[in-house]
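On a predicted model such as this, the values are computed, not experimentally measured, just so you know. Heavy atoms only: backbone and side chains are in, while hydrogens, waters and symmetry mates are out.
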Amino acid sequence: MEPNGSSPSLTKTEENGSSPAIIEHKAFARIGLLGNPSDGYYGRTISLNIENFWAIVRLEPSSDLLILSHPTHDLVKSTSLSHLVNRLENEGYYGGVRLLLATCKVFTNYCKEQGIHLHNNNFSLSYDTNIPRQTGLSGSSAIVCAAFSCLLDFYKVRDKIAVEIRPQLILNAEKDLGIVAGLQDRVAQVYGGLLYMDFNKESMDKLGHGIYTQLDTSLIPPLHLIYAENPSDSGKVHSPVRQRWLDGDKFIISSMEEVANLALEGKTALLEKDYAKLATLMNRNFDLRRLMFGDAALGALNIEMVEVARRVGAASKFTGSGGAVVAFCPDGPSQVDALTDACKKAGFSILPVKVVPSLLNEIDIRIQSPKVE
Ligand SMILES: Nc1ncnc2c1ncn2[C@@H]1O[C@H](COP(=O)(O)OP(=O)(O)O)[C@@H](O)[C@H]1O
Ligand SMILES: O=C(O)[C@H]1O[C@H](OP(=O)(O)O)[C@H](O)[C@@H](O)[C@@H]1O
Ligand SMILES: [Mg+2]
């Protein structure tokens with residue numbers, strides 16, 4: 001299955017028009033623009049979905065229930081023993097199959113708990129992705145999110161699972177695998193477009209989700225994505241900071257609060273089109289991450305991506321936990337040219353960001369809870 005085309009979903013219906021024959025859903029890479037990683041700490045974030053990269057999951061009815069491995073993203077075929085070992089050393093043992101398995105488990109258990117009836121027909125599930133692997137662009141949750149959407153449509157239960165609950169279920173699939181992650185990726189990928197998210201403890205405890213507000217995507221100034229072949233395991237990067245936060249480390253707690261406030265200030269800056277302020281907030285966001293996580297955990301190459309951008313006067317920060325950087329050139333096209341040259345010289349890929357519009361369909365919009373802000 002080649003990732004191509006721009007439509008986020010496709011459902012081919014059988015002749016009699018009753019049950020869908022093939023269901024495909026796309027979920028896009030996301031950029032954490034401000035506030036990440038405070039999403040995992042009752043904070044706030046602003047994130048956007050980008051058309052540049054996506055994962056696609058295909059569900060086909062079948063007599064047996066099949067979870068299909070991907071020929072390259074799951075290490076089932078290698079050209080040689082050294083290729084196999086090299087791949088394991090760089091990208092680890094795992095691919096997307098475990099994500100599909102966990103999605104099926106979490107989806108089924110949630111439906112059972114909620115008394116949502118699921119029919120007994122079987123399916124095969126396969127995936128493809130062009131999201132650079134483990135680069136903080138949410139490649140993992142894109143696979144889960146697209147698979148989750150396929151299951152919603154196959155079982156025709158889209159109207160029974162509230163939109164605001166879905167990101168938590170998608171996160172639970174990764175939690176079940178022991179991957180430490182937060183909600184922002186999944187919220188961005190379920191809703192699409194540009195999102196302001198508030199994960200305050202009261203809402204999280206009371207409602208089981210944060211307060212998610214879609215913002216007008218035209219508020220975003222031109223942004224650039226910088227990335228390198230440098231996979232890092234977001235779970236491993238996050239675990240020590242998470243432990244310190246759980247242990248009550250004052251520095252981590254106050255820094256996370258400051259990071260969360262950057263998203264709050266950033267929302268106002270975007271609404272007022274105060275892009276000089278946006279640049280300051282983006283830079284501060286990365287500086288705080290660096291202080292909390294430390295250079296060794298972030299990795300020299302990742303830090304260099306941020307610094308290459310800053311050397312030409314661009315604002316820059318990680319899109320996620322590392323591997324890719326979002327840059328903003330407040331001085332306009334000449335600065336973008338300088339940034340492009342600097343990235344090429346450093347061996348980094350650079351792309352102009354293309355924002356995805358909202359992904360909610362009619363049913364999703366109808367069943368959304370009214371927002372309490
Ligand atoms: N491109 C991919 N193809 C297959 N599996 C992937 C891919 N990216 C991530 N995964 C799976 O998700 C797990 C967690 O990835 P993660 O570090 O969160 O990456 P990302 O930053 O892209 O979300 C990986 O250990 C792997 O099992
Ligand atoms: O550290 C971050 O900014 C994010 O890290 C994870 O995303 P990933 O794309 O896997 O790097 C995590 O899932 C997010 O919740 C964090 O905000
Ligand atoms: Mg991830």
Side-chain angles (χ1 to χ4, degrees), residues 29-38 45-53 131-132 135-138 184 188 194 196 215 217-230 232 258-259 261-293 295 298-356:
R30 72 89 192 86
I31 288 180
L33 184 62
L34 282 173
N36 56 313
S38 76
T45 64
I46 297 179
S47 315
L48 52 128
N49 264 251
I50 59 168
E51 268 180 27
N52 308 70
F53 299 110
I131 303 179
T135 47
L137 288 167
S138 273
Q184 65 136 343
L194 175 67
Y196 173 71
L215 301 175
T217 53
S218 71
L219 295 170
I220 308 170
L223 298 173
H224 283 79
L225 179 70
I226 302 168
Y227 61 101
E229 288 284 320
N230 180 33
S232 74
E258 191 181 340
V259 171
N261 284 335
L262 298 175
L264 186 62
E265 288 182 63
K267 184 181 164 205
T268 309
L270 281 176
L271 292 172
E272 292 174 354
K273 301 201 170 171
D274 183 351
Y275 297 125
K277 176 83 179 185
L278 178 72
T280 309
L281 298 173
M282 286 172 68
N283 283 333
R284 179 71 184 147
N285 202 152
F286 180 72
D287 296 345
L288 285 167
R289 179 187 292 268
R290 194 168 178 179
L291 290 171
M292 285 189 283
F293 287 73
D295 286 11
L298 297 188
L301 195 71
N302 289 334
I303 294 171
E304 181 55 15
M305 278 192 275
V306 168
E307 287 186 340
V308 160
R310 291 196 182 175
R311 283 199 286 270
V312 302
S316 59
K317 65 180 285 297
F318 284 5
T319 58
S321 61
V325 161
V326 54
F328 167 49
C329 293
D331 296 345
S334 59
Q335 198 174 32
V336 170
D337 290 344
L339 177 64
T340 308
D341 281 353
C343 285
K344 284 196 179 138
K345 277 190 196 120
F348 301 144
S349 303
I350 175 161
L351 287 174
V353 163
K354 283 197 217 144
V355 188
V356 174

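- When atom types are taken as modelled, the side chain of Arg30 and the backbone of Gly136 share a donor-acceptor pair closer than 3.5 angstrom.
- For Asn52 (side chain) and Lys354 (main-chain N/O), a donor-acceptor pair under 3.5 Å exists by modelled atom type.
- A 4.5 Å side-chain heavy-atom check between Val306 and Lys317 finds every atom pair outside the cut-off.
- Tyr227 has its side chain within reach of Ser349: a pair of non-hydrogen atoms, C-beta onward, lies under 4.5 Å apart.
- When side chains are defined from C-beta on, Leu262 counts as touching Leu288, because their heavy atoms get closer than 4.5 Å.
- The two residues Leu270 and Pro221 make their nearest non-hydrogen contact at CD2-CD, 4.3 Å.
- A donor-acceptor pair under 3.5 Å links the side-chain atoms of Asn283 to the main chain of Ser316, judged by distance alone.
- Under the 4.5 Å side-chain criterion, counting only non-hydrogen atoms from C-beta, Tyr196 is not in contact with Leu271.
- Summarising the geometry of Leu137 relative to Pro132, their closest heavy-atom pair is CD1-CD, 3.9 Å, with the distance given to 0.1 Å.
- To the nearest 0.5 angstrom, Ile350 atom CD1 is 4.5 Å from Thr340 atom OG1.
- Within the 4.5 Å cutoff, the side chain of Leu223 has no heavy atoms near those of the Val355 side chain.
- Side-chain N or O atoms of Arg284 include none that pairs as donor or acceptor with a backbone N or O of Glu258 at under 3.5 Å.
- Atoms CD1 and CD1, from Ile50 and Ile31 in turn, are 4.0 Å apart once rounded to the nearest 0.5 Å.
- Proximity of Cys343 to Val308: side-chain heavy atoms (C-beta onward) are separated by under 4.5 Å at one or more points.
- Formation of a donor-acceptor pair under 3.5 Å by the Gln335 side chain with backbone atoms of Val312 is found in this model.
- Looking at Arg289 and Asn36, their side chains come closer than 4.5 Å, going by heavy atoms from C-beta outward.
- Here the CG atom belonging to Leu48 is positioned 6.0 Å from the CG atom belonging to Leu194, to the nearest 0.5 angstrom.
- Contact record, Gly35 with Val259: O-CG1, 3.1 Å, taken as the closest heavy-atom pair.
- Here the side chains of Pro222 and Val336 are not in contact, with every heavy-atom distance at 4.5 Å or above.
- Among all heavy-atom pairs drawn from Leu33 and Met282, the shortest one is O-CG, 4.0 Å.
- A tilted orientation is assigned to the rings of Phe286 and Phe318, their planes being inclined by 30° to 60°.
- For the atom pair Met292 CE and Leu298 CG, the distance stands at 9.5 Å (nearest 0.5 Å).
- With hydrogens and angles disregarded, no donor-acceptor distance shorter than 3.5 Å links the side chain of Asp274 to the backbone of Thr268.
- Nearest heavy atoms, Ala188 versus Ser47: CB-CB, 4.1 Å.
- Taking each heavy atom of Ala309 and Leu339 in turn, the nearest pair found is CA-CD1, 3.6 Å.
- For the atom pair SG of Cys329 and CG of Asp337, the computed distance is 9.0 Å after rounding to the nearest 0.5 Å.
- Between atom CZ of residue Phe293 and atom CG of residue Asn302 there is a gap of 12.0 Å, rounded to the nearest 0.5 Å.
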